[in-house]
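Beneath this line is the structure, given in structure tokens, with notes to follow.
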Amino acid sequence: MTKQHITATINGEEAEYLCEPQETLLDALRDQIGLTGTKEGCSSGDCGACSVMLDGRLVCSCLVLGVEAEGKTVETIEGMANGEDLHPLQQKFLEEAALQCGYCTPGVLIAAKALLDINDNPSETEVRYWLAGNLCRCTGYDKIVRAVMSTAADMRGA
Amino acid sequence: MVRVVLTSGTAQQYTNGKTAVAVEASNVRQMVKALEVKFPGLGTEIETAMSVAIDGVILPDPFLETVREDSDIFVLPKIGGG
Amino acid sequence: MNEQPKQFKWVGTRTIRPDGVDKVTGRAMYGADLTLPGMLQGKVVRSPHAHARILSIDTSKAEALNGVKAVVTAADMPEAESKPVAAGEAMINFRDLAENVIARHKVLYEGQTVAAVAATTIDIAEQAAALIKVEYEVLPHVIDVLEAMKDDAPLLHDHIFTGGVKPKPEKPSNVANRVEFALGDVDAGFAAADVVIERNFTTEPVHQGYIEPHAAVADMGQDGKVDVWCSSQGHFMVRSFCAGLLKIPMSKIKVTAAEIGGGFGGKTTVYLEPLAIMLSRKSGRPVRMVMSREEVFRASGPTSGAALTVKIGATKDGRITAGDATLYFQAGAFPGSPVGPAAMTAFAPYDLENARVVGYDVVSNRQKVVAYRAPGAPISEYGVESIIDELAVKLGIDPIEFRAKNGAKEGTQAAYGVKFGTIGMQETLAAAKATEHYKTPLGPNQGRGVATGFWFNIGGESCAGIRINEDGTVSLTEGSPDIGGSRASMAIMAAEVLGIDVAKVKPSVVDTDAIGYHFVTGGSRVTFATGMAVVDASKAAIDEMRARAAKIWDVDVDGVVWEDGHAKPASTNVGDFEPMALAELAAMANKTGGPISGHADINAKGAGPGFGTHICDVEVDPETGFVTVLRYTAVQDVGRAIHPSYVEGQLQGGAAQGIGWALNEAYLYDKNGKMENAGFLDYRVPVASDLPMIDAVLVEVPNPTHPFGVRGVGEVPIIPPLAAVNNAVAAATGMRFTALPISPPAILASMAAKN
């Protein structure tokens, strides 16, 4: 199989990579670009550990082909902090202990940020349904949901 | 003499159903050796697959622990966890 | 709330975990994140049959494929000796472990490893795997535990003769072992009862469900030295098992524990590591192996499915007079189910004069089971707690009061034999009764269920090193893979003992070359045992620093005490010396004898058992049979919460797993013994929208054998939910279920039968 040459904007920077046509965006990010923060949990779009933003849309990168990112913008967990400063969600997750093993955390943070970008005052139900595609086996979701809502409140200045 | 209590399952296997047995010993190693002599196979079973509890404290590797006449000694399967 | 009295500076505070920033930024390295130069990708060839003899394996076409660098089968592994080894939950046979890593003569479950391939890309490895020709003689298979016990059931092993029975049977059987624990006289106890309830229950196998699949990288040089990087709950266990399986000296194997994405007991054994080492040895290159999610389900051990009969009798004023249970546990392809601990824990929360539990360890053609959080206990206690609930309802006694009346206390002789020391059973019941949750009224189609849980918790081997750096900061090393935030607790305990700011302590989980042997991270032991080692190591460092101050002051070391992070004269008689801070002593270390450190290598004993009481409210939709968990409270005696947030996290996470076990999770097999739901879509674990907030109430009854009173907490929380949910559904619907999971089709079928 001939590899395709792909140019995309990843975490705000222009990036180029080679990938096979059948390779997923998840594999391209991890193996071609070396951004291993995005995780593989199931490869069938059921667990959300591979969540990234593609042109501003929350997707499972295991269900997107690497070649589909041509000309598009991709945001991964590695782009969430700003230099020395963590994103408020990241900081809150640490303060509220909203992670245990941390494996689902990159996906959850990407998904949570996508929610807060469009809804600055989500109810508990809205947070739970929005995150229903991100499986967590360690926390029982309680502290994750609290951290997301608490961050929303902080960001609103509430 | 020290008094050792076994689970009923272990007793059925090695001591003809007697759950409380007595041997001469001042530490667990001696106790296990004495039990092996009196009830062949029991000592080996304890060494490989069981824990000893003395006065309520379970000791997975207890061979140097002292045992006295008034010690509450109980032998039970090794416990792990997940 | 769960706030602590102010007797400690750091213990009981909610510090930011030291590995936290790495985990929220994607910097943390997990098993599949490591890339080494020249690294190959490995792929496993798995049995498509549930039971078959291996007649031949032809790897020639695979070996000839361009890009394939090594192919291995059981022929590449030395024959293992038959000997018992400890493996997380139970003793297993080393030869069985070897067969489970790679099958030699027979395959005993669909998914069992038959061969493995390493190639330059994963695509080539997959193509090569497909080119490996295995000839099988398919044999009849059996999966259900009761079916497997029948005389005419297909026999998995002809060398298994039921253990624990006298006389030793003459015919081999699928019943590997029988265990029994008994106290008093159950027949007399039942005769004295006013009410006796007996029921048969079944549970299905469930998987630990960690989101991170198994992953390992092995890199062996031509000198026989090998580095292994893996996702594991115990890198010393990995070293030990690989050394034994492949006959490599332990000193030549260095295992580094990667950050781990969940384990829950499922990563207390080896699957990929020995294969990766074998492939690396043969190819002369590093090899990475990662399981797909499907492989995790088909080829890594879940816990047992079981059938059980439980019978309990009580007087009309609510005193239990006898308890009797018979447990039949699926061990999977090789012996070693958790039926032993299940039998020991079944009645453990109660002070009984008469109790008997008999358990059977039965092999069947499915994945070899491996530890899952409090192995065995959720199953046996589910049966017992469900009947306790029925008795309470029948006798018109509040379910918490009924349990308190019969509950274990200090001095109670447990049914499994040991007399309890200081425990918190009564305290958790009282705390549960006092919650606002328990008093809240319910609406139509809603019901409330209560259940308790007990787990022993273990101690075991742990080591710790405290090194005082020249600037007064501290490097703390230990070897317990951190699955839930334990590094934070280690730093807290060290800071507390040393008397310095916790921010100055950097904890690390180091590799097998850098520290002494640790038993696996499991058994709720890390905060207890590794914590104890950290405390001992800190005290040893303090003793060294006192000696240094004594040298500087030219006094006897007995004249120096340690207080608030400073060496001080014990009294004015010793001399009029200014206290010396740790940082000052550190700066002078090279002049007073060299680097300052403290170490401890221990086999921790005195682990205190844990008790929990959970309250669950459900609403059952009469049209769809769907069960909504409305409200959930988990109360537990946690000894002392070193870091309350991570202790609460254990209660919440365990409760969520138990809820999934009760309502949804199960392995479904087709008629060929092939798992049908090997993915997260159809193996349905709880998602965020399935659950309410889970209130974690921490009760502290300190464990007197630990310097900070720590009790293990991680496993107890998965035990009560099974019966708490079951009892809640019974209260909501008036129907008693005796099979898990209580999924909508089961509820609808029961409703239809009722009408």
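These figures come from a predicted structure and were not determined experimentally. Because only heavy atoms are used, hydrogens play no part in the values below, and waters and symmetry mates are left out as well, while side chains stay in.
Neither the backbone nor the side chain of S292(C) comes within less than 4.5 Å of any heavy atom of chain A. In this structure, the portion of A49(A) lying under 4.5 Å from any heavy atom of chain C is its side chain and not its backbone. Looking at V21(C), both its backbone and its side chain come within 4.5 Å of chain A, counting heavy atoms on both sides. Heavy atoms of A28(C) lying under 4.5 Å from chain A belong exclusively to its backbone. Contact of I211(C) with chain A is made through backbone and side chain together, with heavy-atom distances under 4.5 Å. Heavy atoms of A488(C) lying under 4.5 Å from chain A are absent altogether. Both the backbone and the side chain of L94(A) come within contact range of chain C, each with at least one heavy atom under 4.5 Å from a heavy atom of that chain. Only the side chain of D31(A) comes within contact range of chain C, with at least one heavy atom under 4.5 Å from a heavy atom of that chain. Both the backbone and the side chain of E212(C) come within less than 4.5 Å of a heavy atom in chain A. Heavy-atom distances place both the backbone and the side chain of Q650(C) under 4.5 Å from chain A. In this structure, chain A has heavy atoms under 4.5 Å from both the backbone and the side chain of L691(C). Interface residue F264(C): only side-chain heavy atoms are found under 4.5 Å from chain A. Proximity to chain C (any heavy atom under 4.5 Å) is shown, for Y129(A), by both the backbone and the side chain. In this structure, no portion of D482(C) lies under 4.5 Å from any heavy atom of chain A.
Side-chain atoms of Q22(A) and D123(C), non-hydrogen and from C-beta on, do get closer than 4.5 Å to each other. Contact check for R17(C) versus L99(A): side-chain heavy atoms found under the 4.5 Å cut-off. Taking 4.5 Å as the limit, some side-chain heavy atom of R137(A) sits within range of a side-chain heavy atom of P686(C).
Counting heavy-atom pairs under 4.5 Å between each of G209(C), G20(C), S645(C), A656(C) and chain A puts G209(C) at the top. Among the candidates G102(A), G41(A), G34(A), the residue making the largest number of heavy-atom pairs closer than 4.5 Å to chain C is G41(A). Ranked by heavy-atom pairs shorter than 4.5 Å toward chain A, the options G26(C), A655(C), G679(C) are led by G26(C).
Of the charged side-chain nitrogens involved, none lies within less than 4.0 Å of a carboxylate oxygen, so that E95(A) and R14(C) do not count as a salt-bridged pair. A salt bridge does not link D690(C) to R128(A): none of the charged side-chain nitrogens sits closer than 4.0 Å to a carboxylate oxygen. Remark: E259(C) does not engage K39(A) in a salt bridge, criterion side-chain N to carboxylate O under 4.0 Å.
We find the CG-SG distance between L681(C) and C47(A) to be 12.0 Å, quoted to the nearest 0.5 Å. The CG atom of D142(A) sits 4.0 Å away from the CD atom of Q652(C) when rounded to the nearest 0.5 Å.
Take T139(A) and apply the side-chain contact (heavy atoms from CB on, under 4.5 Å) test, not counting sequence neighbours, and it matches Q100(A), C136(A), I144(A).
Near-neighbour residues of residues 71-90 of chain A relative to chain C, defined by a heavy atom under 4.5 Å from a heavy atom of that chain, comprise I77(A), E78(A), L86(A), Q90(A).
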